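Just below is one structure, and these are the notes that go with it.
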Amino acid sequence: MPRYNPAIVEPKWQQFWEQNQTFAAPRLPTGEKLYVLDMFPYPSGDGLHVGHPEGYTATDIVCRYARMCGKSVLHPMGFDSFGLPAEEHAIKTNTHPREQTEKNIDNFRRQLKMIGFSYDWQRELATTDVAYFRFTQWIFLQLFDTWFDPQSQQGRPIAELPIPDDVAAAGEQAVDQYRDEHRLAYQTHAPVNWCPALGTVLANEEVIDGKSERGSHPVVRMPLRQWMLRITAYAERLEAGLEQLDWPESIKTLQRNWIGRSSGAEVDFFIGPTLQFAAWKEARATAGFPRKPEDDVLRIYTTRPDTLFGATYMVIAPEHPAVERLTTPEQADAVAAYCQAAAAKSDLDRTELAKEKTGVFTGAHAVNPVNGQPIPIWIADYVLISYGTGAIMAVPGHDERDFEFAKKFDIPIVAVVDPQRDIETAARDDVLSAQAVFTGDGAAINSGDYDGLATAEFKTRIAADLSQQGLGRSAVNFKLRDWLFSRQRFWGEPFPILHELDADGNATDRVRPVPAEELPVDLPHLDDFKPHGRPEPPLDKAPEDWLYQEIDGVRYKRETNTMPQWAGSCWYYLRFLDPQNTERLVDPEVERAWMPVDLYIGGAEHAVLHLLYARFWHKVLFDRGVVSTDEPFRKLVNQGMILGEVEITGFQRADGSWLGTGEVTTDEEGNSIEKATGAAVSAVRVDEHDAEKQGESFVLKADPSIKLDSRAYKMSKSRGNVVNPDAVIREYGADALRLYEMFMGPLEATKPWNMEGVNGVRGFLDRAWRMIADERSEAPALNAAVADVEADEEQNRVLHKTIKAVTEDFDRLSFNTAIARLMEFTNYFLKIDRRPRAALESFVLLLAPLAPHLAEELWQLLGHTDSLAYEPWPAFDEALIREATVEIPVQVNGKLRAKIVAAADADPAALEATARADGKISEILAEKTVVKAVVVPGRMVNFVVK
RNA sequence: GCCGGAGUGGCGGAAUUGGCAGACGCGCUGGAUUCAAAAUCCAGUUCUCGCAAGAGAGUGUGGGUUCGAUUCCCACCUCCGGCACCA
């Protein structure tokens, strides 16, 4: 056989696997099951990026390894194919987005197959498949049909929702409305992020700093009818469920922060005449804390009920329903102006500009329930209507924001928490004299009977007291908001919802779900895909026969919003289990057998949204009995980002003279300028041969006084540092690509690409080939050094050490070190003239998960006729690894002074004696007194001397 | 500002429990082979001093615990990622 040629070997085996359906998973697992999932890609027009195969290679190795260990493996792949780019392309070319989408999928599939991943391709799916989104729509119907029972913390059928008597008495329409208010899928008119440039409304998480995540277009707030999903109902369970998951702690933290659970208390402040306060308080003491606040109180949420005595004013959000009621005539104009201005502000303005606090006094006062003090009520946009009750008690002494506000508007500040020993004396004095803010825990002061209590104790005590007096109750809040679930796009799943129309063709606000058996609701034909620039969805342009329907004499209009891209990716892992099922989304028997996903690998960019949305849907499906597990993804791993090649950059003035990185800064627009003069400078790419390391940084070889910048950047088209996997495969082969992606460093780490490194692992594959194959012969032939001989002791030790290390490395997804061990094996056996065939066979099996094409080819060359995909994984023998003698370092005062050779099982006394006998050591010890000898058997000897 | 993660040769990285720092690979240097080059093979390669034997320093910085610290503790610096008025 000639030289190793991946261009021939790789397609050959890819064809073999496909023809033999080598990786088809059975309907039900036949032994121990392993469900390994990749985050399926969005098939963009650019094709695969080298970042994709990183995680995909890792899971592929896990799967191939697991099959050899006898596990039943499910490893599918599909496409998250709804998305804006295809629709934008459709608008431009006036072709159906499906056309472009399918072309892109074909390209992605071709690329994925070229890398030799062991997917069960029969299970391939795309979220844009009508047969697939039929069930996405079906799940939406489930959400629509479910309400969350806070008592049992469970989603239940809407039919089981208890209807209060007063609602029932109000008639059928009131009951329907009551139900609609409790569904997990509901409609709202809340202000949304309308992006005129994209012609769509965006979810909060798609807006970054007031601009669209995609394209950075400005976003404005406007009210629009939207579908929402009540994910907040599941906040408690989504938070609690994290604990049991084998996920990176950092991702769990990210989700916890996103969910943002906080606990505190709701407290009612009386806003009637001060004279009536006592009577009100008395009434409350008997009546208790009402479910909904009456008009004569302002309900607030606080996490620090212990600072109640320090509340010197209150703030309500500009959108708070009590604004009008509270505003006095004298303040009416100012309040109206303020609220109007606040409404016009985007979220960006409200945060960014509000470094300086703004607000307006309502003219009204409330009575502090703990001390009867009247305090002013303000309106300020630093209080958000969407969090808590939309109103706060302001404690400027112990809250940064309140402090700032009180300073600006000259509102009294009262210290009620003594920091005690937590901070320096001077700082503490500032806090006690209300000159400074302190947000930590301490001891209560100025708090009546509670004085002296520690913060934590105060909190529980006052919560109980307030509750007993009917003034407050413990409460939990979440930062998590309900999920804005509709998009004004064409290329998404249509909602299976009909809107009732009255005789004049106007919507009645009553909706009716499309029955499950009538699904799917396919997308209609459109003559063109151009948005009309209004917030109404493009589906409003659909033909009448799609848009309107008459049932039982009532006319209905279809919902024209579509679902967001997240919808399809929320449940694809379930469909992979049973992709051809036309009856239901997954057969329960199959679901029970394969779920949960045992290993899920993907990018950290999905840490919050995708993974939280999918968990939410899963929990609803669990509550509704569709799936058998409470959580979908047992173990999660995030692969790190792959950056472009390292670039060394220097800066030059207009005249071409160099200046160091320290002399350069950026102006507001992000341009590089010279610090001293403010003149524009240009960044220049410096060849690595023209740079050298000096101390901490790189400098110009020609002028070492010029410091350079050395770093790798995110791959991007604009920077021109994108590496195309097709090109890598063409030049080095798929196995080399796979191997390099894994050899770069730990899977989770961010790491720069380096083409020389690909060449390096290709060199290893070449050597592995030469170790077994004869590269000079024309026909396939074994290397003459391959011999049917028994491995000697040392060869066995190398082999079994390698098996052990590779096995353990695979188990902990440490592929870079596994490859290093295989390289060591190759380096050793290449030097041997008679290479035991059995050892080489084991080596090929160890290599197989990493470089499957090469391994299959060598396996065949070694005389096997079948694929090695299900060949048993080599076992190691600990006894063969053990060495008779070991080299042991001898230290004096912790410094390495000599090395001794001793029996591996030598006892401490023997080791110490051997160490003392060493020429070098005895020389050193002769002049000193040994205070102590530390001997760790098999590891080291250390003499502590004086 | 808050919450995560990370800082080890020229570069990517290794060191699983506190026990020989730098495995493995790239790059570089020298050599063999070649008319020459590529490829391949051999040797070397943390830094400083030294012809060498060897000595000293060394895992972002400063301190601490320990016979012994890349690993544990405290403080700080830098970089990366996320969040950002959530009461």
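The structure presented is a predicted model; accordingly, all values stated were derived computationally and were not measured. Numbered from 1 within each chain, the chains take letters A, B, ... in sequence-line order.
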Can you identify which nucleotide, out of [options], has its nearest atom closest to the [X] side chain?
X      : options             : answer
A/V383 : B/A57, B/G12, B/A87 : B/A87
A/R711 : B/C20, B/A87, B/C80 : B/C80
A/V944 : B/A87, B/C67, B/A21 : B/C67
A/L384 : B/U16, B/G25, B/A87 : B/A87
A/R767 : B/G25, B/G13, B/A87 : B/G25
A/K932 : B/G19, B/C67, B/G54 : B/C67
A/E808 : B/A87, B/G4, B/U16  : B/U16
A/L896 : B/A87, B/A21, B/C26 : B/A21

Task: Neighbour count above 12 (heavy atom, 6.0 Å) for A/D687 CG - done: yes
Task: Crowding at CZ, A/R939 (>12 non-hydrogen neighbours, <6.0 Å) - done: no
Are OP1 or OP2 of [N] and a side-chain N or O of [X] less than 4.0 angstrom apart?
X      : N     : answer
A/N759 : B/G25 : no
A/R939 : B/C67 : no
A/N816 : B/A14 : yes
A/R256 : B/G4  : no
A/K920 : B/G54 : no
A/T253 : B/G82 : no

Open item on the list: Could you check whether A/K357 makes a cation-pi contact with A/Y382, meaning its NZ or CZ is under 6.0 Å from the centre of the six-membered ring and within 45° of the ring axis?
Closed with: yes
Task: Nearest-0.5 Å distance, NZ of residue A/K804 to CD of residue A/E878 - done: 4.0 Å
Task: Rounded distance in Å between the C1' positions of B/U61 and B/G68 - done: 22 Å
Open item on the list: Taking the basic N atoms (NZ, or NE/NH1/NH2) and the acidic carboxylate oxygens, is any pair closer than 4.0 Å for A/E741 and A/R738?
Closed with: no
TODO: State the syn/anti category of B/G82 according to its glycosidic angle, syn meaning within 90° of 0.
DONE: anti
TODO: Would you kindly check whether a donor in the side chain of A/R821 faces an acceptor in the base of B/A23, or vice versa, at under 3.5 angstrom?
DONE: yes
